[in-house]
Trainee: 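Take this structure, written in structure tokens, and hold onto it; I'll ask about it next.
When a residue number appears, it is its place in the shown sequence, counting from 1. These numbers come from a predicted model, not from an experiment.
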Amino acid sequence: MYRFIQKTVLAVAAALSMGCLSATAHLPASVESSDLPVNAKSFIKKYFDGKTIVKYEKKFWSSSYELELSDGTDIDFDSKGKCTEVSAPDHGVLSVSLVRELLPAGACRTLSDQGVLDSVEEIEFNPDKGYKVEVRHERVDDYRFNTAGLMTRVNYDD
């Protein structure tokens with residue numbers, strides 16, 4: 001019986017401590033006061049000045065960061081503060097200057113030639129696979145580019 005009570009108390013304490021940790025991750029914070037790497041803070045200041053962080057999560061194993069800004073933008077950073085994913089708020093698109101910052105010149109030229117450079121909703125970067133660029137378009141779902149910016153695939157809406 002003692003063993004059961006001891007395990008129950010430990011489980012409750014662990015659950016409460018996790019609740020406290022996750023509650024702090026959802027408090028609004030300014031970019032300056034956050035625990036982000038300097039590169040991530042600079043990136044947010046440059047492209048999302050005046051926005052506060054409304055959700056913040058640091059991944060323990062990878063030391064990466066996921067956050068949501070007050071305008072609904074979701075951004076992921078690696079442990080060094082390099083942006084690995086950015087998603088526009090619902091029904092929004094990313095600024096062309098941000099798209100040009102995140103993508104290689106070749107990818108930007110392709111998107112511009114396709115007439116969708118100003119319709120980018122999300123950019124994901126994987127150092128091994130390259131870029132996935134989701135666009136707002138009636139037929140195209142996303143474009144895929146290698147790390148050099150050459151288009152490798154286009155996925156169409158069904």
Trainee: Hey, does the side chain of T152 reach the backbone of R144 with a donor-acceptor pair shorter than 3.5 angstrom?
Mentor: yes
Trainee: For the pair N126 (side chain) and G130 (backbone), establish whether a donor and an acceptor sit closer than 3.5 Å, ignoring hydrogens and angles.
Mentor: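 The answer is no, because no donor-acceptor pair under 3.5 Å joins these two groups.
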Trainee: Supply the atom-to-atom distance E101 CD to L94 CG, rounded to the nearest 0.5 angstrom.
Mentor: 12.5 Å
Trainee: Please evaluate residues D157 and R139 with respect to the criterion side chain to side chain contact (heavy atoms under 4.5 Å, CB included), reporting the C-alpha separation (whole Å), side-chain torsions for both, the decisive distance (0.1 Å), and the verdict.
Mentor: CA-CA 5 Å; D157 286 335; R139 293 179 323 161; 5.8 Å; no
Trainee: Quick check: do Y143 and V116 have side-chain heavy atoms less than 4.5 Å from each other?
Mentor: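 A side-chain contact exists here, since the closest heavy-atom pair is under 4.5 Å.
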Trainee: Nearest 0.5 Å please: distance from the NZ atom of K82 over to the CG atom of D76.
Mentor: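 Interatomic distance, K82 NZ to D76 CG, rounded to 0.5 Å: 12.5 Å.
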Trainee: Treat each ILVMFWY residue as a node, draw an edge where side-chain heavy atoms are under 4.5 Å apart, and state whether L150 and V99 are in one component.
Mentor: no
Trainee: Only counting residues at least two apart or in another chain, list the ones meeting side chain to side chain donor-acceptor pair (under 3.5 Å) with E85.
Mentor: none
Trainee: Looking at CG of L102 and SG of C83, how far apart are the two atoms once the value is rounded to the nearest 0.5 Å?
Mentor: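 L102 CG to C83 SG: 5.0 Å, rounded to 0.5 Å.
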Trainee: Got F48 and S70 here, is their nearest side-chain heavy-atom distance under 4.5 Å?
Mentor: no
Trainee: So, using salt bridge (charged side-chain N to carboxylate O under 4.0 Å, His left out) as the criterion, who are the partners of R100 when residues are at least two apart?
Mentor: none
Trainee: Please report the shortest heavy-atom distance between Y65 and P37, naming the atom on each side.
Mentor: CE1-CD, 3.4 Å
Trainee: Please round to the nearest 0.5 Å and tell me the distance separating atom OG of S97 and atom NZ of K46.
Mentor: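 So the OG of S97 and the NZ of K46 are separated by 8.0 Å.
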Trainee: Which pairs, with at least one residue in residues 103-112 and sequence neighbours excluded, count as a side chain to side chain donor-acceptor pair (under 3.5 Å)?
Mentor: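 Passing the test, one end in residues 103-112: no pairs.
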Trainee: Determine whether Y156 and M151 fall in the same hydrophobic cluster, where Ile, Leu, Val, Met, Phe, Trp and Tyr are linked whenever their side-chain heavy atoms lie under 4.5 Å apart.
Mentor: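 Yes: a chain of side-chain contacts under 4.5 Å links Y156 to M151.
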Trainee: Would a single hydrophobic cluster contain both V96 and L103, if residues Ile, Leu, Val, Met, Phe, Trp and Tyr are joined by side-chain heavy-atom contacts under 4.5 Å?
Mentor: yes
Trainee: Same cluster for L117 and V93 if Ile/Leu/Val/Met/Phe/Trp/Tyr side chains link at under 4.5 Å?
Mentor: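 No, L117 does not connect to V93 through the hydrophobic network.
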Trainee: Establish, yes or no, whether the cationic atom of K129 lies under 6.0 Å from the six-membered ring centre of F145 and within 45° of the ring axis.
Mentor: no
Trainee: Kindly indicate whether the side chain of Q114, heavy atoms from C-beta on, has any atom under 4.5 Å from the side chain of H137.
Mentor: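 In short, these two side chains do not touch, never coming nearer than 4.5 Å.
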Trainee: Partners of T73 by side chain to side chain donor-acceptor pair (under 3.5 Å), sequence neighbours excluded?
Mentor: D71
Trainee: Strictly below 4.0 Å, N to O, side chains only: are K59 and E57 in salt-bridge contact?
Mentor: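 Salt bridge flag = yes for E57 with K59.
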Trainee: Spell out, yes or no, whether V38 and L69 are grouped together once hydrophobic residues are joined by side-chain heavy atoms under 4.5 Å, including indirect joins.
Mentor: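 No; tracing contacts between hydrophobic side chains, which count when under 4.5 Å, never links both residues.
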Trainee: Given side chains that start at C-beta, do those of H91 and R136 come closer than 4.5 Å, heavy atoms only?
Mentor: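 With C-beta onward as the side chain, the pair touches.
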Trainee: Roughly how far, to the nearest 0.5 Å, is CZ of F125 from CG of D78?
Mentor: 9.0 Å
Trainee: Who are the ring-ring contact (aromatic ring centres under 6.0 Å, His included) partners of F43, not counting sequence neighbours?
Mentor: Y47, F77
Trainee: Quick one: pull up NZ in K51 and CG in L67 and give me the separation to the nearest 0.5 Å.
Mentor: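 It is 14.0 Å, given to the nearest 0.5 Å.
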Trainee: Quick one: list whatever passes salt bridge (charged side-chain N to carboxylate O under 4.0 Å, His left out) with E122, sequence neighbours left out.
Mentor: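 With sequence neighbours excluded, E122 shows a salt bridge (charged side-chain N to carboxylate O under 4.0 Å, His left out) to no residue whatsoever.
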Trainee: Do the side-chain N and O atoms of N155 and D141 include a donor-acceptor pair separated by under 3.5 angstrom?
Mentor: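 No pair is found: no donor N or O on one side chain lies under 3.5 Å from an acceptor on the other.
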